[in-house]
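Inspection log for the structure reproduced underneath, given as structure tokens.
All chains are named by letter (A, B, ...) in the order of the sequence lines, taking the proteins before the strands, and each is independently numbered beginning at 1. All values reported here derive from a predicted model rather than from experimental measurement.
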Number of protein chains: 2
Amino acid sequence: MTSSKKDPMAAFHARLQEAGLKSTRQRDTIAETFFELDAHISVEELLVEARKKAPRIGYATVYRTLKLLVEQGFAKTRRFDDGQTRFDPQFDKSQHDHLICVDCRRIIEFDDDAVMDRLREVARGHGLVLRGRNIHIYGQCPDVDCVHRGA
Amino acid sequence: MTSSKKDPMAAFHARLQEAGLKSTRQRDTIAETFFELDAHISVEELLVEARKKAPRIGYATVYRTLKLLVEQGFAKTRRFDDGQTRFDPQFDKSQHDHLICVDCRRIIEFDDDAVMDRLREVARGHGLVLRGRNIHIYGQCPDVDCVHRGA
DNA sequence: ATCTCTGCAAACCATTTGCAGCTCT
DNA sequence: AGAGCTGCAAATGGTTTGCAGAGAT
């Protein structure tokens with residue numbers, strides 16, 4: 001149900017065909033760029049990159065393509081607190097959460113089974129089956145002289 | 001440093017004075033209403049309630065007052081996925097997280113020590129001290145006939 | 001008297017949408 | 001040919017801001 005890490009574009013094309021949607025130059029450029037880039041990309045960042053390959057691409061197309069990628073399971077929406085929506089490519093079923101440094105705002109990904117097991121129990125305790133999660137934790141370097149302090 | 005549950009308004013007034021800010025009819029009405037209402041209130045909801053007491057209150061004043069409450073530690077910002085920012089009163093230092101039912105969107109609060117202990121370790125594992133968190137988990141009723149299904 | 005607030009309307013900014021023309025299949 | 005797609009510009013919707021008048025200390 002999710003794209004293989006090896007060739008997300010092939011999986012993407014297969015899905016488009018399945019859904020009766022078209023593969024276009026712009027759509028492919030945007031999707032390709034998206035899969036190549038780091039995670040946590042904003043629409044603006046993706047647009048800038050995509051325009052290096054196809055300068056006439058517009059905002060609306062990037063928004064529409066990302067929406068499509070999310071709907072089809074190739075991307076995941078992330079909302080941090082910078083006012084923009086960001087997106088992560090989703091190559092397989094694995095999920096991850098985020099540890100954000102309050103000093104330098106760098107984002108560290110993690111996925112911890114013990115946490116998830118416990119959260120499953122919490123949900124169960126309220127009569128629900130855990131279906132998803134969105135975990136942001138914030139951390140700070142204990143070293144006052146940390147290069148990141150105040151960044 | 002945080003308001004007492006008994007009399008948040010007194011604490012609020014004290015803080016205003018400390019900061020050289022003024023206590024006004026509108027500000028008080030909004031803050032009072034905010035402390036009386038349930039958690040996870042949106043600006044719009046708060047405005048509607050506040051207008052029952054003071055009909056001429058405007059959007060901007062509600063936004064400004066909430067911003068003030070957050071800055072002064074009396075409220076906490078919450079972003080779920082409905083496009084609006086919501087706010088929780090913050091009566092003491094306790095934090096809580098959210099379990100959201102994917103069927104009926106009801107929001108259940110929880111606070112689990114085992115989860116927090118484990119997250120503290122995760123942060124520590126990356127060289128950081130845990131300073132905050134924002135955890136949303138999504139759950140679904142296991143009963144297919146649940147009244148909430150499809151809600 | 002002075003400095004802060006308020007209400008209104010306009011401005012902002014991220015995101016969405018209508019539409020005419022273009023591109024896939 | 002026909003359905004879907006693109007780019008543009010305009011619309012949207014939540015949130016912020018400028019300003020002139022009102023209110024608090």
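- Side-chain proximity of B/Ala60 to D/dT17, D/dG2, D/dC8: nearest is D/dT17.
- Proximity of A/Phe74 to A/Arg15: side-chain heavy atoms (C-beta onward) are separated by under 4.5 Å at one or more points.
- Distance B/Asp81 CG to C/dT15 C1': 15 Å, rounded to the nearest Å.
- Rounded to whole Å, the distance from CG on B/Leu68 to P on D/dT17 is 15 Å.
- If you run side chain to side chain contact (heavy atoms under 4.5 Å, CB included) between A/Leu47 and each of A/Ile30, A/Ile57, A/Thr33, only A/Ile57 comes through.
- One atom, OH of A/Tyr59, and another, P of C/dA14, lie 8 Å apart when rounded to the nearest Å.
- Here the P atom of nucleotide D/dC5 and the CG atom of A/Asp28 are 12 Å apart, to the nearest Å.
- A/Leu68 places a side-chain heavy atom less than 4.5 Å from the side chain of A/Leu16.
- The distance from atom CD of B/Gln17 to atom P of C/dC3 is 18 Å, rounded to the nearest whole Å.
- Mapping B/Gln26 and A/Gly20 onto DNA chain D by nearest heavy atom places A/Gly20 closer to the 5' end of the strand.
- Straight-line distance from the CD atom of A/Glu45 to the C1' atom of C/dT15: 16 Å, rounded to whole Å.
- A/Phe80 and A/His40 have their aromatic ring centers within a separation under 6.0 angstrom.
- Between A/Phe110 and A/His98, the gap from one ring centroid to the other reaches at least 6.0 Å.
- The separation between B/Arg56 atom CZ and D/dA22 atom P is 11 Å, rounded to whole Å.
- The phosphate of C/dT6 has OP1 or OP2 within less than 4.0 Å of a side-chain N or O from B/Thr24.
- In terms of phosphate contacts, A/Thr85 brings a side-chain nitrogen or oxygen within less than 4.0 Å of OP1 or OP2 of C/dT15.
- With hydrogens and angles left out, the side chain of B/Arg27 and the base of D/dG23 share no donor-acceptor pair within 3.5 Å.
- The side chain of A/Ile57 lies closest to D/dG7 when the candidates are D/dA24, D/dG7, D/dT17.
- When the nearest nucleotides of DNA chain D are assigned to A/Thr61 and B/Leu21 by heavy-atom distance, the more 5′-ward of the two goes with A/Thr61.
- For the pair A/Arg86 CZ and C/dA14 P, the interatomic distance rounds to 11 Å; values are reported in whole Å.
- Between A/Arg25 and D/dC5 there is no side-chain N or O to OP1 or OP2 distance below 4.0 Å.
- Between C/dT15 and A/Tyr63, a contact under 4.0 Å exists linking OP1 or OP2 to a side-chain N or O.
- Judged by distance alone, with hydrogens and angles left aside, A/Arg64 brings a side-chain donor or acceptor within reach of the base of D/dG7, the pair sitting under 3.5 Å.
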